[in-house]
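Written below as structure tokens is the structure these notes are about.
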Amino acid sequence: MNEIRPIEWANGTLRLLDQTRLPSEEVIVEAHGYLEAVNAIKTMQVRGAPAIGVTAAYAVAMAARDLSFSERTTFLQRLTEAGTVIKAARPTAVNLMWAVDRMLAIAESETDTAKIKDRLVEEAVSIEKQDEDINRRMGSHGIELMPDGGSVLTHCNAGALATAAFGTAVGVIRAGWEDGKRFKVFNTETRPFLQGARLTAWEFKKLGIPSTLVVDSAAGMLMRRGEIGCVITGADRIAANGDTANKIGTYTLAVLAKENGIPFYVAAPISTVDMSLSNGDEIEIEKRASSEVTEFRGIPVAPEGVIALNPAFDVTPARYVNAIITETGVVRPPFIEGLDTAVKSAG
Ligand code: MRU
């Protein structure tokens with residue numbers, strides 16, 4: 001099977017599979033400089049926490065490449081300014097800030113600007129490669145949580161498209177299937193941007209894993225009828241206590257899962273864990289345009305003049321999460337200790 005890889009670095013150009021055009025068209029957009037990469041993140045041509053981290057890393061590499069100063073201090077100053085612009089592209093997924101900081105630390109460690117430019121390209125390539133490896137490891141660790149028989153529900157898109165390759169929550173589902181387990185898969189539509197309907201359903205089709213698409217509001221009824229065995233989602237930021245920010249609607253699913261005695265799992269790399277935040281109340285929630293709710297691809301779905309509130313994420317308190325799957329293994333409550341150990345063992 002051809003792996004889905006939404007990000008490709010080719011001869012100094014970042015080639016992105018435009019996720020706003022899927023599933024009807026598979027179109028590549030090119031970013032030739034860091035501001036084009038920032039724009040691709042803002043407009044969600046590339047999206048999903050690990051994928052925007054990888055894109056941000058290449059954006060820093062392009063920003064450095066395009067700087068003409070050879071004096072190190074000025075060079076680093078300008079690069080840090082570009083880093084600030086890149087970090088501001090979207091506020092919630094911490095992988096974006098993590099990737100920029102990792103890249104800037106590499107720049108700081110070198111003495112010569114020509115060397116910095118080379119090292120930054122190498123580092124971005126290695127962040128991309130590591131992301132796939134991390135996701136495959138997460139998949140292997142998560143197999144034990146996947147049922148043999150029964151069913152799994154996932155929300156938004158935490159698949160290959162949201163990463164360099166393989167995916168996080170969808171990667172765990174895939175690993176379960178590749179291990180020979182058989183279970184029914186449900187995926188939510190994920191209003192308003194339809195990451196579930198447009199992207200996750202597209203990925204499951206490519207993977208050959210049968211999935212059933214449901215509207216977000218059907219999840220409670222399915223759980224109550226005993227049709228959902230477990231829920232697994234990705235994450236955009238996890239606080240030190242395990243509170244988890246993910247796509248809007250995740251909190252609702254987690255509360256419904258607990259009410260119905262169904263385990264709720266999160267699959268995310270250590271780069272999504274933000275140990276600087278003691279709990280999820282401190283996570284900034286992105287507010288996106290009203291038009292994403294009142295229109296679909298320019299067609300109105302609400303009366304003219306209606307203003308919609310469009311928070312892109314919510315925070316699920318740790319008490320609703322049964323396990324967090326990372327590349328270091330499966331972390332169980334109390335997360336405050338488990339995540340600390342996982343972060344330290346990831347290095
Ligand atoms: O707004 P998006 O599409 O970037 O939101 C993506 C999600 O919420 C994903 O579930 C999350 O980033 C985890 S992706 C592996």
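We use all heavy atoms of the structure for the numbers below, so side chains are in, but hydrogens, waters and symmetry mates are not. Note that ligands are numbered from 1 as they come in the structure, with each ligand's atoms numbered from 1 the same way. One-based numbering along the sequence shown.
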Shared-cluster residues of Leu161, by chain and number - hydrophobic side chains joined below 4.5 Å: Ile4, Leu17, Leu22, Ile28, Leu199, Trp202
Hey, what do you get for OG1 (Thr80) to NZ (Lys87), rounding to the nearest 0.5 Å? 9.0 Å
Within the 4.0 Å heavy-atom sphere of ligand 1, strictly under, residues: Met44, Arg47, Gly48, Ala49, Pro50, Arg90, Cys156, Asn157, Ala158, Ala162, Thr168, Gln195, Gly234, Ala235, Asp236, Asn246, Lys247, Phe313
Could you go through residues 54-69 and list every donor-acceptor pair under 3.5 Å that involves a side-chain atom there, pairing it with any protein atom two or more places apart or in another chain?
from  : atom 1 : to     : atom 2 : distance (Å)
Thr55 : OG1    : Ala51  : O      : 2.8
Tyr58 : OH     : Glu128 : OE1    : 2.5
Arg65 : NH1    : Gly12  : O      : 2.7
Arg65 : NH2    : His32  : O      : 2.8

Please report, to 0.1 Å, the donor-acceptor pairs under 3.5 Å made by any side chain of residues 257-268, with sequence neighbours excluded.
from   : atom 1 : to     : atom 2 : distance (Å)
Lys258 : NZ     : Arg319 : O      : 3.0
Asn260 : ND2    : Leu256 : O      : 2.8

Salt bridge between Arg5 and Glu132, side-chain N to carboxylate O under 4.0 Å? yes
Does the side chain of Asn187 pick up a donor-acceptor pair with the side chain of Thr200 at under 3.5 Å? no
